[in-house]
Amino acid sequence: MKKILLVFAIFGTLACNNAEKQSKVEGATPEAASEEKDTAPNFGIVIHGGAGTILKENMSDSLEQQYRAKLEEAIRTGHEILANGGTAVEAVQRTINVMEDSPLFNAGKGAVFTNEGTNELDASIMDGSNLNAGAVAGVTTIKNPINLAYEVMVNSEHVMLAGKGAERFAKEQGIEIVDPQYFYTENRYRSLQRIREQEKTQLDHDDQKTAFLDPYIKDSKFGTVGCAALDKHGNLAAGTSTGGMTNKRYNRIGDAPIIGAGTYANNKTVAVSSTGWGEFFIRGMVAYDISALMEYGGLSLEDAAREVIQEKVPALGGDGGIIAIDHNGNVAMEFNTAGMYRAKMNRDGDLEIGIYGE
Ligand code: ASP
């Protein structure tokens, strides 16, 4: 009897195996489909549209809808590039272009105003496959600063160009130039006026730093944009674009164009883009620090991001957040402010959009 059972068992197993092989060939069963997905190359994308005091009670339903729709449009742009086998660098650039062109964010159209009433834009991009990087700072006529950062990365022997020189280089590269008026938006101009008025009423006129670094600004949302992506070829890239901080003076440059602070990407570890109070992100070398904690400290992305954003940056006195994706497709969207405009999308097309600290 035992023998008979054994024969049945062996026969049954063989029959099952054959059936399994058969179905794999035809790709007919759900099991086969999911197995195929597991061996397909992973990819993913994550974005931010700035961190700060973004509270539900200060947001109208219609404005929230506009933010959600723009975040979705931006991330779907990059996701489609990745799904079609495009590079992480291209996905990052095109995704950021969508947000630069929207007045909702503090980058490109809608950039904040300097103390002099002008708009000075910073941006950077990094390719994790070869650690190549490009950045521009203080440009005033470049419609999409991330595109100029890309040109610096691939068509110059430099990493960072600033001001007039960067704009001359832009002309040589055929990058779209606009009249500075293009960047004007009434909302951002009103923010500058409000801060100027506040400045006038301050008793301590000697302390020039006050109006820039003070709670008023600290409590306003920042609005920089950034993107990090992993492509099907296993390459990571990150980019960041911003108008900086309202009422900035003296050609102040923030963290966004600084490789290692605002942007960092390394195939070995992670791609990161930062947003927040730039001075502290420079001093904390935030984006690189997350990568270093992973590379040398063996931390997971989740732990590294938490350590830097919840411990290190606040200990210095700063605030803000990051978005990041690691070489395995794990994503972090960490912030220590009330909110951060953000979205992520994985290989399967699952989309998650967030604004407040939920
Ligand atoms: N980090 C940017 C800066 O300091 C501001 C922002 O994130 O919105 O220039």
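First listed ligand is number 1; within each ligand, the first listed atom is number 1.
The residue among R252, K248, M245 with a heavy atom at the shortest distance from atom 9 (O) of ligand 1 is R252.
For E352, the salt bridge (Lys or Arg N to Asp or Glu O under 4.0 Å) partners two or more places apart in sequence, or in a different chain, are K344. In this structure, the side-chain hydrogen bond (donor to acceptor under 3.5 Å, both in side chains) partners of N147, at least two apart in sequence or on a different chain, are Q93, N97.
A salt bridge does not link E80 to R76: none of the charged side-chain nitrogens sits closer than 4.0 Å to a carboxylate oxygen. For the pair R68 and E72, the salt-bridge criterion is not met [side-chain N within less than 4.0 Å of a carboxylate O].
Two rings, from F43 and H79, have their centers less than 6.0 Å apart.
Applying the 4.0 Å criterion to heavy atoms of G223 picks out, from ligand 1, the atoms 8 (O). Within the listing of ligand 1, atoms 5 (C), 9 (O) sit less than 4.0 angstrom from a heavy atom of G244.
Note: an N/O pair closer than 3.5 Å links D255 and ligand 1 by distance alone. Considering backbone and side-chain atoms together, T275 places an N or O closer than 3.5 Å to an N or O of ligand 1. At under 3.5 Å, not a single nitrogen or oxygen of S274, backbone or side chain, sits near a nitrogen or oxygen of ligand 1. Where the criterion is an N or O separation shorter than 3.5 Å, residue side chain and backbone included, E279 fails it with respect to ligand 1.
For the pair G50 and ligand 1, no heavy-atom separation below 4.0 Å is found. Taking 4.0 Å as the cut-off, G276 counts as a neighbour of ligand 1 on heavy-atom distance.
Proximity of L63 to Y67: side-chain heavy atoms (C-beta onward) are separated by under 4.5 Å at one or more points. The side-chain heavy atoms of N144 and D101, taken from C-beta on, include a pair separated by under 4.5 Å.
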